[in-house]
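Reading through the structure tokens given below for one structure.
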Amino acid sequence: MEFDFKTIEEKWQKVWKDDLTYKSAVDPSRPKYYCLEMFPYPSGRIHMGHVRNYTIGDVIARYKTMQGYNVLHPMGFDAFGQPAENAAIKNQSDPEEWTLKCVDWMKKEMLRMGFSYDWDREVSTCLPDYYKWNQWIFLKMMEKGLAYKKASYVNWCPSCATTLANEEVIQGGCWRCHTTVVEKELEQWYLKITAYSDRLLDDLGSLKNWPQAVLTMQKNWLGKSYGVEIYFKLENGQLLRVFTTRPDTIFGATYVVLAPEHACVKELVRGKPQEKEVLDFIEEVSQESRMERVAGDVKKKGCFTGAFAINPVNSEKISIWLADYVLMEYGTGAIMAVPTHDQRDFLFAKEHGLPMRIVIQSQAAGYQSPEDLSEAYEGEGVLVNSGGFDGLPNEEAKQRIASWMEEGLIGKSCVHWRLRDWLISRQRYWGTPIPVIYCDKCGVVGVPYEDLPVRLPKNVEISGEGGSPLAKVREFVETKCPKCKKPARRETDTMATFIDSSWYFLRFCSPGAGTEPFDKAEAKYWMPVDQYIGGIEHAVLHLLYSRFFTKFLSDIGLVGFNEPFDKLLTQGMVLKDGEVMSKSRGNIVDPDGIIKDYGADTLRLFILFAAPPEAELDWNDKGIDGAWRFLSRVWRLVSALPAHDRSALPEEHTEGLRVVMEKMHETIKKVTQDMEGGFKFNTAISGIIELVNELYKLSPQEQKYQAAVEAIETAVLLLAPFVPHLCEEMWQMLGRKESVFRSRWPKYDEKYLFKKDVEYVIQVNGKVRSKIIVDIHAVQDDIKKAALADIKTREWIAGAIPKKVIVVMNKLVSIVV
RNA sequence: GCCGGGAUGAUGAAAUUGGCAAACAUAACGGACUUAAAAUCCGUCGGCCGCAAGGCCUUGAGGGUUCAAGUCCCUCUCCCGGCACCA
């Protein structure tokens, strides 16, 4: 007899909807638990990655509910973004209509998976009701000087025809379409995330329940490095600031290199014979893609400026060069070159025949003069050729030279970050309009709060070419200056969609809030998110931006905490035959088909059982049969019971039932520990399988006795978070009137776990040789005696006198002879 | 190059954190039921030797610490991920 999953799943999905089973509300009398999964982009269809992500979250939410927590488990849609525009170009569709249709389809699929969302809290970021608050927060940032416009070299994706933030450039390509990113000089809007560098780094230490990998990635991304800015004098008397993390090698600087974009280059070369060559070089470098420019160990391209600088520590006159490997964005865009102790400088010096001088000596490395070096020596050593610092270990010299330079006003200790400000303006239609107006008289003016939202106009022509689509909409662009009321123009760029997801978890706390982005009291109750679940691909995108937003909102008094996500679980990818599922590989397993053939419960169980949540999961068609078989076994157990009144069941005691009771309490303990100790769903499920297997060892008669039924009910309760529909059905068959999710998680009784005897393993010289059963109350000496008295053990000892006998209580005896 | 994470049966994986390696599941094989198949149930299932009792070996490789190592330490190989001419 098999269960009719289709009827059962539809039945319970309707009950949950009608009974508002998952509706959540503030209740100060109960501990809260905010369980959140990263909301999806509404592509229209869910894939296995979604199924896994949301199933994990669903199990946690349901488990915590059964533990008595007041659980908030919301879902929404990250609905702005390019695919809607691309669809608009392709099918002449309206992006909003298209997106909302996709939201609808996707929501239906989520409902079919039986996820326990409080749908009353649903948000879609593309609705004015939501993006109004993006604009609101943007204006607040503008007030604090944290949103600003500047001209700079930006990352440009030629295929998406828009700018990208640094975080959106993955290995030189666009995060969305992988097209090679080029540089472009543009005036764009930025958020000053760098104002939060220190806090973003320091607070990583408080994220005790985040995966190490994510913490490390963020730390590297922030890229704090300590060094010194050294002032080199130019011929015209101006100072050139050079950043280095190796002040200990300053006496080895034999030339200086500037980034081609460096501000002082043009003045330096003016009128010099090298001028034309330099300008050509700058032009050449500007043509290179970022990818080419930073690619590996290609030749170090560069050219001489004809100018010189004075090294302030020894007044040496050294040449100034340009090179493509020096980047304007990092440090000061100017470096001192120490070819003997920096590999890049070494290659450049070899290429262009520049002088070298050794300033760090190491016995181990064994070189005497620069000619002995085949590559730069970057290791530890003792200073030489370094004025008064000779003989100092270089680590110590770093400190000493830095302070010496500060005293002599020729340098200054400083910190540089890899993190850049967040470029947020996009030349696209389907995003939040940046709420700014340009007035010839008043300049850049923020849209007044009372005028929000600045709505996205409808019927905009989208071609994917020719700049911001909004710029072509006259009724949108032409407006009045809020200050002087004269005609003015609106900003036509829209915001990066990562803004939308940087605070949505707060909106879920009070999705209808109308005077502020969210209700402070509700947020105070629910936040921070207790458990956040999503893919690791957002390690330095969404997860960094959200931390930044939270800190800003804390600074303006909207929230009282600094970190949005207490615990983070990054689920592994779902693979097929060891490869990522993708359209181009044609190896996609569609959740829809699996739900049709097996039902949502079986799919959920399989995906949770096949691997721990953090690990990659290789999809296996056969594995799902196993999940199905197990659920059928449980189902048969429950169906075989007469519709009953539990008190009327015979209360018999058999050896089998005694074993089952023991197993039941053991299982409750094991499953609870697996859930508490990091959501080890796979082993939790294997525990439940073992309990069911134990029940199957009973005779059909025994299975109907009270103790067995208690164990069956326990199995249903333990299984409920994983397999919600079927467990609701079985719970009802067991005569229960209320939802299984209004029942409490079972508790185990120590008295059943207490054993009279303990089995001890006996090792002789480190090998297991025998086993003995000893009374639980036996003391060390008794156990030792019993072990030495054991016949098999005595054979192995063969009359020798034990040198050492170690007794590990409740485990083993180790004898050394 | 730097940083992080890995490597256990045919397969996905377990192993109370130093205490009987391979729980649970999948696949495979054998058996029961069946006219037959499916489903279901029972059994075998890391390798080698042995009729058996049993023994020896085994967690990427090598070494070490320990009564005891998949787990700790050192060296190395390979795989995955992030960053990368970051001064």
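Order of the sequence lines sets the chain letters (A, B, ...), proteins ahead of strands, with each chain counted from 1.
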Can you measure A/Asp625 atom CG to B/A27 atom P for me and round it to whole angstrom units? 7 Å
Between A/Arg633 and B/A39, is there a side-chain N or O to OP1/OP2 distance below 4.0 Å? no
Using a cut-off of strictly less than 4.0 Å, decide whether A/Lys811 has a side-chain nitrogen or oxygen near OP1 or OP2 of B/C67. no
B/C86 phosphate, OP1 or OP2: any side-chain N/O from A/Arg344 under 4.0 angstrom? yes
Could you check whether A/Tyr255 and A/Asp345, counting side-chain N and O atoms only, form a donor-acceptor pair closer than 3.5 Å? no
Does A/Arg357 qualify as a cation-pi partner of A/Phe251, given the criterion of NZ or CZ under 6.0 Å from the six-membered ring centre and within 45 degrees of its axis? no
How far does the C1' atom of B/A32 sit from the matching atom of B/A38, given to the nearest Å? 16 Å
Side-chain N or O of A/Arg636 less than 4.0 angstrom from OP1 or OP2 on B/A39? no
Counting Watson-Crick and G-U wobble pairs only, both distances under 3.5 Å, name the nucleotide matched with B/G43, or none. B/C29
Write down the distance separating the C1' atoms in B/U65 and B/C83, rounded off to the nearest Å. 36 Å
Separation of A/Asp618 atom CG from B/A10 atom C1', in whole Å? 15 Å
Quickly work out the A/Phe606 CZ to B/U11 C1' distance and round it to whole Å. 11 Å
When the C1' atoms of B/A22 and B/G46 are considered, how many whole Å apart are they? 8 Å
When you compare B/A10 with B/G19, how far apart are their P atoms, in angstrom units rounded to a whole number? 25 Å
Whole-Å gap separating P (B/A14) and NZ (A/Lys680): 9 Å
Decide, yes or no, whether a salt bridge links A/Lys398 with A/Glu395 under the criterion of side-chain N to carboxylate O below 4.0 Å. yes
Would you say the side chain of A/Glu759 and the base of B/C20 hold a donor-acceptor pair, judged only by whether the two atoms sit under 3.5 Å apart? yes
Pick base, sugar-phosphate or nothing for A/Val816, based on heavy-atom distances below 4.0 Å to the nucleic acid. sugar-phosphate
Between CZ of A/Phe232 and P of B/A87 the distance, given in whole Å, is 17 Å
Quantified in whole Å, what is the P atom distance between nucleotide B/U16 and nucleotide B/G31? 39 Å
Counting any heavy atom closer than 4.0 Å, what does A/Asp345 reach on the DNA or RNA strands: base, sugar-phosphate only, or nothing? nothing
B/C3 base / A/Lys219 side chain donor-acceptor hit below 3.5 Å: no
What is the nucleic acid contact for A/Ile806, judged by heavy atoms within less than 4.0 Å: base, sugar-phosphate only, or nothing? base
Side-chain N or O of A/Arg418 versus OP1/OP2 of B/A84: is the shortest distance under 4.0 Å? yes
Between CH2 of A/Trp796 and OG of A/Ser770, what distance do you get to the nearest 0.5 Å? 11.0 Å
Assess the residue pair A/Val214 and A/Ile536 against the criterion (side chain to side chain contact (heavy atoms under 4.5 Å, CB included)); give the C-alpha distance rounded to whole Å, side-chain angles, the decisive distance to 0.1 Å, and a yes or no. CA-CA 7 Å; A/Val214 176; A/Ile536 199 164; 3.9 Å; yes
Quote, to the nearest angstrom, the P distance that separates B/A14 from B/G6. 12 Å
Can you tell me, in whole Å, how much space there is between the P of B/A25 and that of B/U77? 40 Å
Phosphate-side-chain proximity, A/Asn620 and B/A13, N/O vs OP1/OP2 below 4.0 Å: no
Syn or anti for B/G30, with syn set at within 90° of 0? anti
Will you find, in the side chains of A/Gln212 and A/Thr216, an N or O donor that is under 3.5 Å from an N or O acceptor? yes
Answer with yes or no whether A/Gln212 presents, from its side chain, a donor or acceptor under 3.5 Å of a partner atom in the base of B/G5. no
Distance between C1' atoms of B/A23 and B/A15 (Å, rounded): 8 Å
Is any side-chain N or O of A/Asn220 closer than 4.0 Å to OP1 or OP2 of B/G4? no
Taken to the nearest whole Å, CD/A/Glu375 to P/B/G1 is 11 Å
Does A/Lys412 form a side chain to side chain contact (heavy atoms under 4.5 Å, CB included) with A/Val228? I'd like the steps, not just the answer. CA-CA 5 Å; A/Lys412 188 169 148 266; A/Val228 181; 5.8 Å; no
Applying a 4.0 Å non-hydrogen cut-off, can you work out what A/Gln763 is touching in the nucleic acid: base, sugar-phosphate, or nothing? base
Under-4.0 Å side-chain N/O to phosphate OP1/OP2 contact, A/Lys622 with B/A27: no
Chi class for B/U17: syn within 90° of 0, otherwise anti: syn
Base, sugar-phosphate, or nothing for A/Lys767, non-hydrogen atoms under 4.0 angstrom? sugar-phosphate
